[in-house]
Amino acid sequence: MNSLTDNSLMLQVKAGQVDKMGLLFERYHRPLYAFFYHSNGNAAASEDLVQNVFYRMLKYRHTFTGEGEFRTWMYHLARNVLADAAKKNKPALHHQDVADWAERLPGGTTADAQLQQTQDVALLHRALARLSPDHREVLVLSRFQELKYEQIAQLLDTTVGAVKVRAHRALGQLKDIYLKLENGSKVREL
Amino acid sequence: MEAKSVNCEAVQGELMDWLAGTLPAEQCWLLEKHLGQCPACRQELAAAQALWTSLGQLPVPEPSEQLRPRFYSMLADFQAQEERRQSWSVAGWLERLRQWWQPAYALRLAYGLALLTIGLVGGYSLRSRPETSGAGGQELAATEQPAADTRRQQVVLAMLADPSAVQRLRAVGYAGEEAHTNEHVVAALLSTLNQDPNVNVRLAALDVLSGLTNDPVVRQGLVRSLPRQDSPMVQAALADVMVQLQERGAKKPLQQLLRQDDLNEQVKDKLEQSLETLSNDPAPPPSSTPTTSHETPDDTRTA
C-alpha cells in the first residue's frame, strides 16, 4: 500500500508517528476551512474550527480504523466541531455578517460587471445563510467538498437516495431564497 | 400525459447526479431526449445548473498566515504531552532504558561488572582456602573475616565505577585502606588513574597509589600510566612521583611524553627536570612512602 495515502498516513499517526499529521494538514486545511467558511461565513471562527478538527483527529486517532475513507472520518469530526460551536456560540456564528460585509464592499470605482458579480456573490452568500442547516450542509459537502453522495450518506448515516432527495430540495430552496432576495434588492435599487 | 409526468419525476430524481456529472451515459441520453420534448424540465434544469455553477464559483478567502504556525505549534505541544505521558508507561521506560544504553554507560557498566566478578571470584577463593585447611574453632573466625573483607571490597569496586565523580573520589579514599592487602583493588585504582574522566579522581588515585610503591605492580603501573595521561596536572604529579621513586624505568615513558606536540610548557619543564634528575642521581633504594609534593624535583637536586 502507498505509504502516502490519507488512510495510511492517519494509521501511522494512530501508531504514534504524530508528526505525520503535518502532511494531512497540508492536504486538508483549505477544504476544511472552506467547509466551515461556507457553513458559518466567519473567517476567524473558521480558522479556530479547522484547528479544532486537527486537534480532535490527534486526540481521537484511536477511533480511526482505516476501514472507511479518511475524508469521511475527518468530516465526521468536522461536523461535530461545527455543531459544538453552533451550540456554544449561536448568535455570533452566522453567515449574515459576511454577506452584509461583502455587500458593503467599496464598488464605486470598479467596473459594473465586477459590482454585479460582487452583488451576486453577496446575494448567494445570504441565500445560503438562510437555508436550514441540514440543507446547507448537504450542499456544502457535495458542491464545495466534492464528496460523493455515497460518502455523504455514510457521513450522515443515511441512504444515498435520501441524500440526493435532500440535496435536490436544498437546491430548490436556495433558488427560491435567492430569487426572493434578488427581487428585494431590485426593489430597493428602483 | 401520464407518461410525461412519470418522465418529469424521473428527471427530478436524476437531477443531482446529472449536475454532479455522475449520471451514467445511458440515463444521460434518456434525460436529454426528454429535455428536447419538455420545455418545463429544460427550464428547471437550466436554472438548477446556473445555481450549481454559481455555488461552485463562490469565492473562499485564503486562511490567514497564522493558521499554519498555529497548527504546527499545537502539534508540537501535543507531541510533547504524549512523550510526557509515555514516560510513565512501560513503553516509555523501555525507551528510556534504550537511551541509557549509550556506549559510554555500557562501557562503564561492563567495567564495573568485570571488577565485581573479579572481586567475587577473589573473595570466594580467599574464603574457600581456610575451609580446605579446616582447623577446629578458628575456622569460623577465619571464614568470617575474609567474607567481610570481600563485601567491603565489592562495595569499593562498585563505587569506583559509579557515574558520580564525588562517589568515585570517596571510593578512592576507601580503596587506599583496602589496597595494601588486595591486588584487585590495586588494579582498579590503576585503572581509575588511567581511565577516569575526572582529573580530580585521577589525582586522588595517584595520591593513594604513590603510598603503595613498595608493590612492584604499582610501580610498573605508574610508569605505564605516564604516556596515557593527557591532563597537565596529572602529568606533572606523576613526574614528581617518578623522581621521588628514582624510577629509572620511567625515563623512556617520560621521553615519550615529551615528544607529544600539545604538551603544556610548565609540564614540559617539569618533565625535563625530572628526566635530568633521574639521569644524574645514582639509584638509591626506593623510598618506602614518598609524597607527591611539587617541590620535590628541586629538593632532590639540591640534596
Side-chain angles (χ1 to χ4, degrees), chain A residues 13 16-22 25-26 29-38 43-44 46-48 50-52 54-55 58-59 98 102 117-118 120-121 123-125 127-128 138-140 142-144 146-150 160-161 163-172 174-175 178-179, chain B residues 8-24 27 41 43-87 89-92 94-95:
Chain A
V13 170
Q17 287 177 271
V18 176
D19 57 319
K20 288 287 194 305
M21 189 55 95
F25 173 83
E26 297 303 336
H29 74 275
R30 272 167 217 277
L32 275 176
Y33 180 71
F35 170 75
F36 289 122
Y37 183 76
H38 284 308
S46 294
E47 289 197 8
D48 289 345
V50 170
Q51 176 90 340
N52 207 334
F54 281 104
Y55 178 73
L58 286 171
K59 193 175 172 190
V98 165
Q117 204 190 353
T118 310
D120 286 349
V121 166
L123 271 186
L124 198 51
H125 265 301
L128 209 50
V138 77
L139 281 186
V140 166
S142 61
R143 188 63 183 121
F144 301 119
E146 294 179 342
L147 287 183
K148 293 190 181 79
Y149 293 121
E150 287 78 10
V160 178
V163 171
K164 284 182 194 171
V165 168
R166 195 187 289 182
H168 186 210
R169 282 199 194 133
L171 199 64
L174 184 67
K175 189 179 74 182
Y178 183 85
L179 289 176
Chain B
C8 288
E9 230 173 77
V11 166
Q12 296 293 323
E14 288 166 351
L15 174 65
M16 295 318 291
D17 274 322
W18 181 71
L19 286 175
T22 53
L23 195 66
Q27 276 163 284
C41 279
Q43 205 185 341
E44 197 189 329
L45 252 73
Q49 195 177 21
L51 190 58
W52 188 254
T53 308
S54 299
L55 270 179
Q57 287 167 351
L58 265 188
V60 181
E62 278 286 299
S64 76
E65 284 175 5
Q66 279 106 53
L67 184 61
R68 185 173 276 110
R70 265 180 73 202
F71 164 77
Y72 282 105
S73 93
M74 182 270 283
L75 186 63
D77 284 351
F78 189 89
Q79 258 175 312
Q81 228 177 323
E82 275 300 292
E83 274 161 28
R84 243 176 285 136
R85 209 172 55 81
Q86 268 183 8
S87 69
S89 68
V90 177
L94 283 175
E95 175 60 17

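Order of the sequence lines sets the chain letters (A, B, ...), proteins ahead of strands, with each chain counted from 1. For the numbers below, each heavy atom of this structure counts, side chains included, while hydrogens, waters and symmetry mates do not.
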Enter the distance from [X]:[atom1] to [Y]:[atom2] here, rounded to the nearest 0.5 Å.
| X | Y | atom1 | atom2 | result |
| --- | --- | --- | --- | --- |
| A/Met21 | B/Tyr72 | CE | OH | 11.0 Å |
| B/Thr22 | A/Lys148 | OG1 | NZ | 9.5 Å |
| A/Asp19 | B/Leu75 | CG | CG | 7.0 Å |
| B/Met16 | A/Tyr149 | CE | OH | 3.5 Å |
| A/Arg169 | B/Gln12 | CZ | CD | 11.0 Å |
| A/Leu179 | B/Leu51 | CG | CG | 8.5 Å |

Subject >> Part of A/Glu146 within contact of chain B (heavy atom distance under 4.5 Å) >> reply: neither

Original post:
What are the two closest heavy atoms between A/Ser142 and B/Trp52, and how far apart are they?
Top reply: OG-CH2, 3.7 Å

Original post:
Of the non-hydrogen atoms in A/Lys175 and B/Ala47, which two are nearest, and what is the gap between them?
Top reply: CD-CB, 4.1 Å

Out of [options], which one racks up the most heavy-atom pairs below 4.5 Å with chain B?
| options | value |
| --- | --- |
| A/Phe144, A/Phe54, A/Tyr33 | A/Tyr33 |
| A/Val50, A/Leu174, A/Val165 | A/Leu174 |
| A/Arg30, A/Glu47, A/Glu26 | A/Glu47 |

Original post:
Can you find a heavy atom in the side chain of B/Arg70 that is under 4.5 Å from one in the side chain of A/Asp48?
Top reply: yes

**OP:** Please tell me if the side chains of A/Phe36 and B/Pro63 come closer than 4.5 Å, counting only heavy atoms from C-beta onward.
**Re:** no

**OP:** Among B/Gln79, B/Glu44, B/Gln66, B/Met74, single out the residue with the greatest number of heavy-atom pairs under 4.5 Å to chain A.
**Re:** B/Met74

Subject >> Parallel, tilted or perpendicular: rings of A/Phe25 and B/Phe71 (30°, 60°) >> reply: parallel

Original post:
Which atoms of B/Leu67 come close to chain A, meaning under 4.5 Å heavy atom to heavy atom: side chain ones, backbone ones, both, or neither?
Top reply: both

**OP:** Identify which part of B/Ala20 has an atom lying under 4.5 Å from any heavy atom of chain A, answering side chain, backbone, both or neither.
**Re:** side chain

**OP:** Would you sort out whether A/Leu58 and B/Glu82 count as a side chain to side chain contact (heavy atoms under 4.5 Å, CB included), showing the intermediate values?
**Re:** CA-CA 10 Å; A/Leu58 286 171; B/Glu82 275 300 292; over 6 Å; no

